[in-house]
Protein chains: 2
Amino acid sequence: MPPTIYDIAKKAKVGIGTVSRVFNNHPSVSKETRNRVLHFANRMNYHPHPYARGLASKRTNSILAVIPYFTTFFFIEILQAVQAILAESNYDLILHGVTHPEHVEGMLRKNTVRGRVDGMLFLSLKMPKKFAHEYVNSHVPVVLVDTYHPDFDSFTVENVKGASIATKHLISLGHRRIGILNANLESTPAQERLQGFKSALKEAQIPMEQCLIKHSTSVRLDGFTHEDGYGLMKQFLALGTKKPTAIFVTSDIQASGALQAMEETGIRCPEDIALIGFDDIELARHIGLTTMRQPMSEMGTLAVQRLFERMKNEKLEPIFRTFLPTLVVRRTSELISSREVNQQGTRPIRTVVQTTN
Amino acid sequence: MPPTIYDIAKKAKVGIGTVSRVFNNHPSVSKETRNRVLHFANRMNYHPHPYARGLASKRTNSILAVIPYFTTFFFIEILQAVQAILAESNYDLILHGVTHPEHVEGMLRKNTVRGRVDGMLFLSLKMPKKFAHEYVNSHVPVVLVDTYHPDFDSFTVENVKGASIATKHLISLGHRRIGILNANLESTPAQERLQGFKSALKEAQIPMEQCLIKHSTSVRLDGFTHEDGYGLMKQFLALGTKKPTAIFVTSDIQASGALQAMEETGIRCPEDIALIGFDDIELARHIGLTTMRQPMSEMGTLAVQRLFERMKNEKLEPIFRTFLPTLVVRRTSELISSREVNQQGTRPIRTVVQTTN
DNA sequence: AATTTTCGTGGAAGCGCTTCCAAAAATTCC
DNA sequence: GGAATTTTTGGAAGCGCTTCCACGAAAATT
């Protein structure tokens, strides 16, 4: 049996209250007593039982991250930043992957009750309306990341503007027949990116063509997959002379599929069709994909910081913070004329990050 | 205040023992009573307090995964499999990223004490000798993944054989000047992969050349990075006529860096230098990299299953299970003669998985 | 020197559960 | 119909801690 606070108290000839105070850095313990307690605690390898602590103090020192089941780089990078902060504050990170959207509500109802966790990060999932409504007070602080609800702190990416910037980039390159290769329109990012795309075209007074607007209908990962990109690009390529000269693809992963479809068909990028993605996952750098960078690490950091603030002070007004993706120009959207070609006919892969504001 | 077991008991006009029994699926509760309790519990949104439960029952329903701080695809895929199993068994997954190797021991000492978690997965980190020694009984079940120690269940990849298979693949393609682009030799996988490489050459009676053996000295991620691959490949390319015709790269991520270095220099792959990586991360498929696939998902699954077994029965003998990586042949090791070239001069990216036993 | 204030400390109560034992209720048996 | 079983049930004790109140000793004040 591991030693309890009583064992330490007895050995150190003090009361349990004193031992407790030592381990909670309570100021009113004399230096000698403190050292004596620490000495024995150390010798006996004593560690306060976190559950007993949680039960007695109503603080758990752990925060819960609820993420969609599919783990992509997007979440990893956010969680990595989260972990870093939590670790230095001595908090535990509990992970809940949600497999089915219907489970979200039950999960919330279960974990949102005081005493389970000190706070909760809710990533990329739709906050059920019904739940948000009945979520009044006396509840655990919740911060949303990559999803929005007026009643909670929300940290999201400006998908509309990002998509618009991406599209404008293609326009600025001289393209006029521009397509969009979108994910499943069920998902909010897909809707917003489509919206941004359309607004950019409208602003540039480029007429929209229905055949240049394609989206996935797949349910898996809301269509943000390599396969969906591949399939939709094949459809684009089948358009023959009506096919676009540039395409805004709503995620890097889809773009990689699209690129593969192009390679197989012998359509060159960017010569025949230029491409721009969204996300800037690691892969994008490797394949030289122009894309919109999402500041995942920053989002994670700010979200936890906000969560901590809210844990200190319940009554903060919800804030809604938005992150503007940055344009990262790489090979797939290079201007053909501006290319450097070396003796072997290959080109260096370069990355140009363009800061937008 | 959330309702407690007492509130439910009062409403349902039963004793707290009965409520407890209902929530623990104890058989000796009559159907009507059970339904009545459940009815009120539901109405009042009652959820047993996990910490109180843990304290009273000495089961926590959570397992801890200790991972190196740097989060790579390797861990993600393993953890994803772990999560899937835990979720369906109603267990929580607690994540501890270890930032500094020196922290490992303290972390173990702290969490390995009964009552904190029910079990622990220890990924890719070196189990401190000193700790393993004093870790006798009355401790939490621990299972190691991607690392080995005789006193614990260990699930590891056969790096030596994997590296040997990779090297033999290159040999079978007719290559004789074969290099190895390795990570930091401080790390076990790097050492083992070097060993497998050497043994394959020896078996084929190919003399080893010192200049074809290169490794990273970087500390970050033990040298398993894009940058290290890039840098070392530059060194290979600087060898001029003495440069290899094929290289075994000890990870996909390094291989992607190596490929970039080749592209920049105008050295073609596989025409001038063939490449084989290790891991089969998603990226490998996208860039058409031949590689050794590590069965990460399978490892994760089996490791948790073993952990569960051990949680049921303390006294199991440690087992040591080993996974053989599979050769996945893609573009970077194609035989030049066997290439299909289509009219535009591009080739389809194909994947051939070769099962080895 | 007597009084007040401060500091350090001990330990009871209570956090919300599980588990056990004893007792009540229902069922079976003779 | 009553005793013997079996099935349900109630609730005290205890899990390991925090927190608060009370108390004695030391320091400061008068």
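In terms of position on DNA chain C, the residue among A/G15 and B/A52 whose nearest nucleotide sits closer to the 5' end is A/G15. In this structure, A/H47 and B/K31 both approach DNA chain D, and ranking their closest nucleotides by distance from the 5' end singles out B/K31. Mapping B/L55 and B/I16 onto DNA chain D via the closest heavy atom, the residue that lands nearer the 5' end is B/I16.
Proximity note for A/R59 (side chain, C-beta onward) versus D/dC17, D/dT8, D/dT19: the nearest is D/dT19. Relative to the side chain of A/T18, the nucleotides D/dG10, C/dC17, C/dG10 differ in distance, and C/dG10 lies closest. Of the listed nucleotides (C/dG10, C/dC17, C/dG14), C/dG14 has the atom at the smallest distance from the side chain of A/A56. When each of C/dT18, D/dG16, D/dG10 is scored by its nearest atom to the side-chain atoms of A/T4, the top-ranked nucleotide is D/dG16.
No side-chain donor from either of A/S62 and A/D92 sits under 3.5 Å from a side-chain acceptor of the other.
Following rounding to the nearest Å, B/N24 (CG) and C/dC20 (C1') show an atom-to-atom distance of 14 Å. With rounding to whole Å, A/N25 atom CG is found 13 Å from D/dT19 atom P. In this structure, B/F23 places its CZ atom 13 Å from C1' of C/dG16, rounding to the nearest Å. Regarding A/E32, its CD atom lies at a distance of 12 Å from the P atom of D/dA26, rounded to whole Å. Atom NE2 in A/H26 sits roughly 9 Å away from atom P in D/dT19 (whole-Å rounding). Here D/dC17 presents its P atom at 14 Å from NZ of A/K10, a figure rounded to the nearest Å. One can place NE2 of B/H49 at 12 Å from P of C/dT18, the figure rounded to the nearest angstrom. Here the C1' atom of nucleotide D/dG14 and the CD1 atom of A/I5 are 16 Å apart, to the nearest Å.
Dashed line: the shortest gap from a side-chain N or O of A/S20 to OP1 or OP2 of D/dC17 is not under 4.0 Å. OP1 or OP2 of C/dT9 sits under 4.0 Å from a side-chain N or O of A/S30. Applying the 4.0 Å criterion to OP1 and OP2 of C/dG16, one finds that A/K58 has a side-chain N or O inside that range. For C/dC7, neither phosphate oxygen OP1 nor OP2 lies less than 4.0 angstrom from any side-chain nitrogen or oxygen of A/S28. Note on B/Y6: every side-chain N or O is 4.0 Å or more away from OP1 and OP2 of D/dG10.
A cation-pi arrangement, defined by a distance under 6.0 Å to the six-membered ring centre and an angle within 45 degrees of its axis, is absent between A/R36 and A/F40.
The line from OG1 of A/T33 to NZ of A/K13 is 13.5 Å long, rounded to the nearest 0.5 Å.
Residue-level contact check: A/S57 touches the backbone only, with heavy atoms under 4.0 Å from sugar-phosphate atoms and none from bases.
In this structure, A/E309 pairs ionically with A/R306, as a charged nitrogen and a carboxylate oxygen lie closer than 4.0 Å. Between B/D118 and B/R59, no side-chain nitrogen of the basic residue sits less than 4.0 Å from a carboxylate oxygen of the acidic one, so the salt-bridge criterion is not met.
A/R21 contributes a side-chain N or O that forms a donor-acceptor pair with the base of C/dG10 under 3.5 Å. Applying the 3.5 Å distance criterion, the base of D/dG16 shares no donor-acceptor pair with the side chain of B/R53.
By the 6.0 Å contact criterion, CD on A/E186 is open, its count of non-hydrogen atoms from other residues, nucleotides or ligands being 12 or less.
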